[in-house]
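Bear in mind the structure is a predicted one, so any value in this text is a computation, not a measurement.
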Amino acid sequence: MRIGVDVGGTNTDAVILDGDRVRASIKRPTSSDVSGGIQAAIAGLLLQADLKPNAIEAVMIGTTHFTNAFVQASGLARVAAIRIGFPASRSIPPFASWPARLRDAVRGHSAMIGGGFQFDGRRLGALDEAQLRDLARRIAEDGIGEVAVSSIFAQVNAEHEQRAAAILREEIPGASVTLSSEVGRTGLIERENAAIMNASLRPLAAKVAGAFSVALADLGITAPFFVSQNDGTLMSASLMQRFPVLTFAAGPTNSLRGAYFLTGLGDALVADIGGTTSDIGVLAGGFPRQSSMSVDIGGIRTNFRTPDILSLGLGGGSHVRALDGGVSIGPDSVGFRLTEEALVFGGDTLTATDVAVAVSHAVIGDTRAVAGLDHSLMRLASAEIHRLLADGLDRMKTSLAPVPLILVGGGAALIDQPLPGISETIRPPEAGVANAVGAAIGQVGGEIDRIYNCGDGGREQALDDARAQAVAAAVAAGAAPASVGIVTLDDLPLQYLPGGARRIVCRAVGDLAAIGGVRG
């Protein structure tokens, strides 16, 4: 048996998965320290299922902790950013596009040195090791322990990044080094930004991993715990400490994977309606459709893998306000204070949840608290809730053909009418904790994103190499070799580069070798 936990902005959801069956589920308010909410949820879950802690084989946790910390510039470490490729990229130095607030919080040192490669693997120049060693000594003198290294076309050849990391660790004992080739995709500036972001979060990741370990130990759970990544797969606690940036957008991803598990529909729209936002995504082959665009996080462009998600300011805790001749819904929300401030819970704030109860879409809390509300206004507010969601769904569709919609999340009760462009609306059992289910069924993945110089007749060889590297990466991450399969393979010719250049992105996924798998 495994436990899945998803820490949201309003609630911490948890489930126990017994094979392919959800044995127990629970919701608890998210605590300010995150780990407290996790501990309360798991304790309640074990009590509900009448299970001893030693019956649990693994715990899977999805958290928004790192996303929130970065966007809020809270608890970030200062980073020395080193770019290898001077003078080719000197026109846009590291941190050039960062908002001042985040730049001031993160930037320690910033430098460009000689080296790097061209798209076909040829050297732009030799790595300037003497300059790097001098720079490392200055970084050490300033007490900076986090370093982010990026090199031009490192995704083709990471040799200079790897050599730079070895030198930095020689000169700065105990230095923590993030390489752009390990976290980002094609695009120097975006890949560099991802590496810097990751480096700034590493000390916090160590603290969070320690807090999770203590929370589970206090409950008597000795099973290993894993953390959800933003592509629907899992990573170990030790890997999370190295790559915390890969947890960004893990919450919506878990919801999509949970929706697939609960319905068996591999191709559908999914709307996860929480207390604060509605996250809309697309399932393709049982996994979230990945974004093909650079992702903006806190005003910074990055290019690490993320699901294609549209977030709307619509949730169960959204404020509802009457306007002249109309009504407004959100985007502000009472969030995790829903059970204190909503009318049906004895509060004095009109929320979307109150509207759903008033128009008989849901039975939540004290229904008498909304019995005296203006019914025509409540119907108008309900229609606006449906309009907002329908507009978001339409923006995520790629064709006019009607498609199925899976509604999940604690706020799914807000929707109780047919929506345009939707062939059927499905509310699966345990829809309110689909995000925790998605965490529990997580598998292990490996990805390769490289530019190949194929030339004449080299395309098939490049594809075979990408497949082999992706499978090897999944196995190295902890997947059982026999269970690994290729789930996506994108082959994109790059006409602007000579020599038959192609960008190949391949992702492989398999079951955790340590505990076996479930249908996922």
Side-chain angles (χ1 to χ4, degrees), residues 76-98 102-203 205-206 241-245 300-304 449-451:
L76 304 180
R78 287 197 304 152
V79 177
I82 300 174
R83 184 189 300 166
I84 303 171
F86 187 83
S89 59
R90 66 183 184 275
S91 59
I92 306 177
F95 294 103
S97 61
W98 282 50
L102 283 167
R103 184 172 61 245
D104 293 344
V106 173
R107 184 170 63 180
H109 274 273
S110 175
M112 294 181 282
I113 65 174
F117 295 88
Q118 298 187 47
F119 83 97
D120 58 1
R122 290 179 295 153
R123 287 188 177 186
L124 282 172
L127 177 64
D128 192 335
E129 296 192 7
Q131 184 183 359
L132 180 60
R133 290 185 185 277
D134 179 66
L135 180 61
R137 286 188 284 270
R138 285 187 278 131
I139 292 170
E141 289 170 2
D142 284 351
I144 298 173
E146 297 296 330
V147 186
V149 179
S150 57
S151 171
I152 293 178
F153 281 114
Q155 74 277 23
V156 175
N157 190 332
E159 176 188 337
H160 282 178
E161 284 194 355
Q162 293 164 353
R163 176 57 182 157
I167 292 173
L168 288 164
R169 292 186 179 112
E170 288 175 13
E171 299 291 339
I172 314 174
S176 174
V177 183
T178 296
L179 304 183
S180 77
S181 55
E182 295 178 326
V183 296
R185 290 179 163 182
T186 302
L188 174 63
I189 302 301
E190 291 85 356
R191 180 162 40 86
E192 177 179 73
N193 287 342
I196 296 171
M197 292 166 65
N198 188 77
S200 73
L201 289 164
R202 273 188 163 182
Q241 294 181 62
R242 288 182 58 201
F243 304 118
V245 78
I300 300 169
R301 288 173 62 84
T302 67
N303 64 354
F304 52 84
D449 182 351
R450 284 193 55 188
I451 294 177

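Ile113 is listed as a side-chain neighbour of Leu127, based on a closest heavy-atom distance under 4.5 Å. Put simply, the side chain of Val149 reaches to within 4.5 Å of the side chain of Val177, judged on heavy atoms. In this structure, the side chains of Ser97 and Asn193 come closer than 4.5 Å at one or more pairs of heavy atoms. Counting heavy atoms from C-beta outward, Val106 and Trp98 have side chains that approach closer than 4.5 Å. By the 4.5 Å heavy-atom criterion applied to side chains, Arg78 and Arg107 are not counted as neighbours. Counting heavy atoms from C-beta outward, Ser151 and Arg83 have side chains that stay 4.5 Å or more apart. Between Val147 and Thr178 the shortest side-chain heavy-atom distance does not fall below 4.5 Å. Side-chain contact between Arg242 and Glu182: present, with at least one pair of heavy atoms (C-beta onward) separated by less than 4.5 Å.
Between Asp142 and Arg138 there is no salt bridge, since no side-chain N of the basic residue sits under 4.0 Å from a carboxylate O of the acidic one.
Remark: of the listed residues Phe153, Phe117, Phe86, Phe117 is the sole one forming a ring pair (Phe, Tyr, Trp, His ring centres under 6.0 Å) with His160.
Residue pairs meeting the ring pair (Phe, Tyr, Trp, His ring centres under 6.0 Å) criterion with at least one partner in residues 180-201, sequence neighbours excluded, are absent.
Across all their heavy atoms, Val245 and Met197 have their closest contact at CG2-CB, 4.3 Å. Looking at every heavy atom in both residues, Glu146 comes nearest to Ser176 through OE1-OG, 3.0 Å. Closest non-hydrogen pair, Leu135 versus Ala111, comes out as CD2-CB, 3.5 Å. Considering every non-hydrogen atom in both Pro203 and Ser200, the closest pair reads CD-O, 4.1 Å. Val79 and Ile196 make their closest contact through CG2-O, 4.0 Å (heavy atoms, listed as atom of the first residue, atom of the second, distance).
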Take Glu192 and Arg301 through the test salt bridge (Lys or Arg N to Asp or Glu O under 4.0 Å) and record every step on the way to the result. CA-CA 10 Å; Glu192 177 179 73; Arg301 288 173 62 84; over 6 Å; no
Side-chain donor-acceptor pairs of residues 162-175 under 3.5 Å, sequence neighbours excluded:
unit_1, atom_1, unit_2, atom_2, d
Arg163, NE, Glu129, OE2, 3.1
Arg163, NH2, Glu129, OE1, 3.3
Glu170, OE1, Arg133, NH1, 3.1
Glu170, OE1, Arg133, NH2, 3.2
Glu171, OE2, Arg133, NH1, 2.8

